[in-house]
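The basis for the numbers below is simple: all heavy atoms, side chains too, and nothing from hydrogens, waters or symmetry mates. Please read all numbers here as calculations on a predicted model, not as lab measurements.
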Amino acid sequence: KSKKILICGVDGSGKSTLSKLILNDLQWKLDTSRLYLGAGDGEGFIIRRLGTYLSKIIFKDSTQTRTQEINTNKSIYNLKNILRIFWALIVAFEKLLKYIELKKLTLLGKIIILDRYPNLNSYGMNDSPLLSRFNGNKNIIIKLLIKLEHSIYSLYSKNISVDLCIKLDASYSLVTRRGEKMAESYYKKRLNSLEQAINSSRIEKIVTINAERSLQELKSECISEILNS
């Protein structure tokens, strides 16, 4: 029987670093894999990782306002919005391939460490549908693309159950010390959205861990929870 372990938390809580450390320790003795399911700098398509880097230059802090709807039909045809649509499709296609990989790993009976988890709520872990900003647009093609993207994200929430969710509890001061640039109001929205995403996902057990401690302490506690779950 496979075991799916979700490591989640707000940006800057240490999800990726911790999930890699857990993988390194567990894979010496157990058949363990790790999947990065986000849209940021983690493992995946080279074009997506390059796009993440370029988006920070082109759009700067616009990720904090990406849930704003585009209300005028003509605005969708400017260069930035065309890039946003192209980017969202790349991310969605990668998520579809990783969904297939996750199902394969599940059949193989592995321990699977999940870094982030796609969901459908607006601010959710930066992994909700990116085309949601175009809701209300009357373009038929855009409507179809929105439905397609939504269906891909739905696969995770409807068909994948998580055995153990380890939620990293990180304060606003901690994430800003680690270099995350976000307003405190946005941090609170992300935190609230994270709770909603967790509560709406198929999760057997949730453990909250204080992210203020050293990585060694965090890793030891996480591994203990995984082995005892």
Side-chain angles (χ1 to χ4, degrees), residues 2 4-8 11 15 33-49 51-52 55 59 62-63 65-71 73 75-77 80-108 110 112-163 165 189-190 192-204:
S2 67
K4 293 174 286 296
I5 313 298
L6 169 61
I7 310 295
C8 68
D11 296 349
K15 302 180 294 297
S33 295
R34 174 181 174 273
L35 277 181
Y36 175 77
L37 299 179
D41 300 324
E43 300 85 347
F45 287 0
I46 293 177
I47 189 172
R48 194 261 298 159
R49 297 172 70 181
T52 300
S55 67
F59 300 105
S62 63
T63 52
T65 59
R66 65 175 174 79
T67 54
Q68 294 180 353
E69 293 184 359
I70 306 298
N71 294 318
N73 289 317
S75 66
I76 201 170
Y77 299 111
K80 282 191 175 182
N81 284 330
I82 291 173
L83 290 174
R84 286 187 177 106
I85 294 168
F86 182 66
W87 167 247
L89 295 177
I90 290 175
V91 171
F93 182 65
E94 183 186 54
K95 278 183 166 52
L96 177 60
L97 292 182
K98 287 193 173 182
Y99 170 81
I100 295 170
E101 183 179 358
L102 177 55
K103 294 290 284 185
K104 181 186 73 175
L105 293 173
T106 301
L107 291 173
L108 292 174
K110 287 175 172 276
I112 310 158
I113 309 297
L114 303 176
D115 180 355
R116 296 176 178 258
Y117 190 72
N119 63 91
L120 295 172
N121 64 336
S122 299
Y123 291 88
M125 296 177 274
N126 201 27
D127 295 310
S128 56
L130 301 175
L131 292 179
S132 59
R133 67 181 299 138
F134 298 109
N135 283 334
N137 190 278
K138 297 179 181 179
N139 186 295
I140 296 177
I141 295 177
I142 297 303
K143 286 182 178 180
L144 290 174
L145 292 177
I146 290 172
K147 288 183 179 180
L148 174 63
E149 183 194 42
H150 188 279
S151 65
I152 291 172
Y153 283 73
S154 296
L155 287 173
Y156 289 89
S157 56
K158 293 181 179 179
N159 299 326
I160 299 296
S161 60
V162 173
D163 297 285
C165 170
K189 288 180 180 179
R190 296 278 281 183
N192 180 60
S193 180
L194 175 62
E195 293 292 337
Q196 293 177 16
I198 289 174
N199 291 333
S200 62
S201 300
R202 297 174 58 196
I203 299 174
E204 293 293 326

*Which distance, rounded to the nearest 0.5 Å, do you find between the CG of D11 and the CZ of R116?*
5.0 Å
*Show your working on side chain to side chain contact (heavy atoms under 4.5 Å, CB included) between D115 and L6 and close with a plain yes or no.*
CA-CA 6 Å; D115 180 355; L6 169 61; over 6 Å; no
_Closest heavy-atom pair and its distance - Y99, Y156_ = N-OH, 3.0 Å
*State, yes or no, whether a side-chain contact exists between L120 and S157 at a heavy-atom distance under 4.5 Å.*
yes
*Nearest-0.5 Å distance, CD1 of residue I146 to CG of residue N137*: 7.0 Å
Hey, can you pull the donor-acceptor pairs under 3.5 Å for the side chains in residues 100-107, sequence neighbours left out?
from : atom 1 : to   : atom 2 : distance (Å)
T106 : OG1    : L102 : O      : 2.8

*Is any side-chain heavy atom of I198 closer than 4.5 Å to a side-chain heavy atom of N119?*
no
*Answer whether the closest heavy-atom distance between the side chains of F134 and I85 falls below 4.5 Å.*
yes
*L144: what forms a side chain to side chain contact (heavy atoms under 4.5 Å, CB included) with it, not counting sequence neighbours?*
I140
*Can you tell me how far the OG atom of S151 sits from the NZ atom of K147, to the nearest 0.5 Å?*
10.5 Å
*Would you find a donor on one side and an acceptor on the other, under 3.5 Å apart, between the side chain of D163 and the backbone of K4?*
yes
*For L89 and F93, run side chain to side chain contact (heavy atoms under 4.5 Å, CB included): C-alpha distance rounded to whole Å, both residues' side-chain angles, the deciding distance at 0.1 Å, then the answer.*
CA-CA 6 Å; L89 295 177; F93 182 65; over 6 Å; no
*L114 versus I7: any side-chain heavy-atom pair under 4.5 Å?*
no
*Determine yes or no for a side-chain-to-main-chain donor-acceptor pair under 3.5 angstrom, with E149 supplying the side chain and L131 the backbone.*
yes
_Main-chain N/O of K189 paired with S193 side-chain donor or acceptor, under 3.5 Å_ = no
*With distance as the sole test, does Y117 use its side chain to make a donor-acceptor pair with the main-chain N or O of L37 at under 3.5 Å?*
no
*asked:* Using 0.5 Å steps for rounding, measure from the SG atom of C8 to the CG atom of L194.
replied: 5.0 Å
*Report the distance from atom CZ of R202 to atom SG of C165, rounding to the nearest 0.5 Å.*
15.0 Å
*Report the distance from atom CD1 of I112 to atom OG of S2, rounding to the nearest 0.5 Å.*
5.0 Å
*Which residues pass the salt bridge (Lys or Arg N to Asp or Glu O under 4.0 Å) test with K110, sequence neighbours left out?*
D31
_Could you check whether any side-chain N or O of K95 sits under 3.5 Å from a backbone N or O of Y153, counting only pairs where one atom can act as donor and the other as acceptor?_
no
*Mark yes or no for whether N135, through its side chain, and S132, through its backbone, hold a donor-acceptor pair below 3.5 Å.*
yes
*Take V162 and E204, measure what side chain to side chain contact (heavy atoms under 4.5 Å, CB included) needs, and give me the verdict at the end.*
CA-CA 6 Å; V162 173; E204 293 293 326; over 6 Å; no
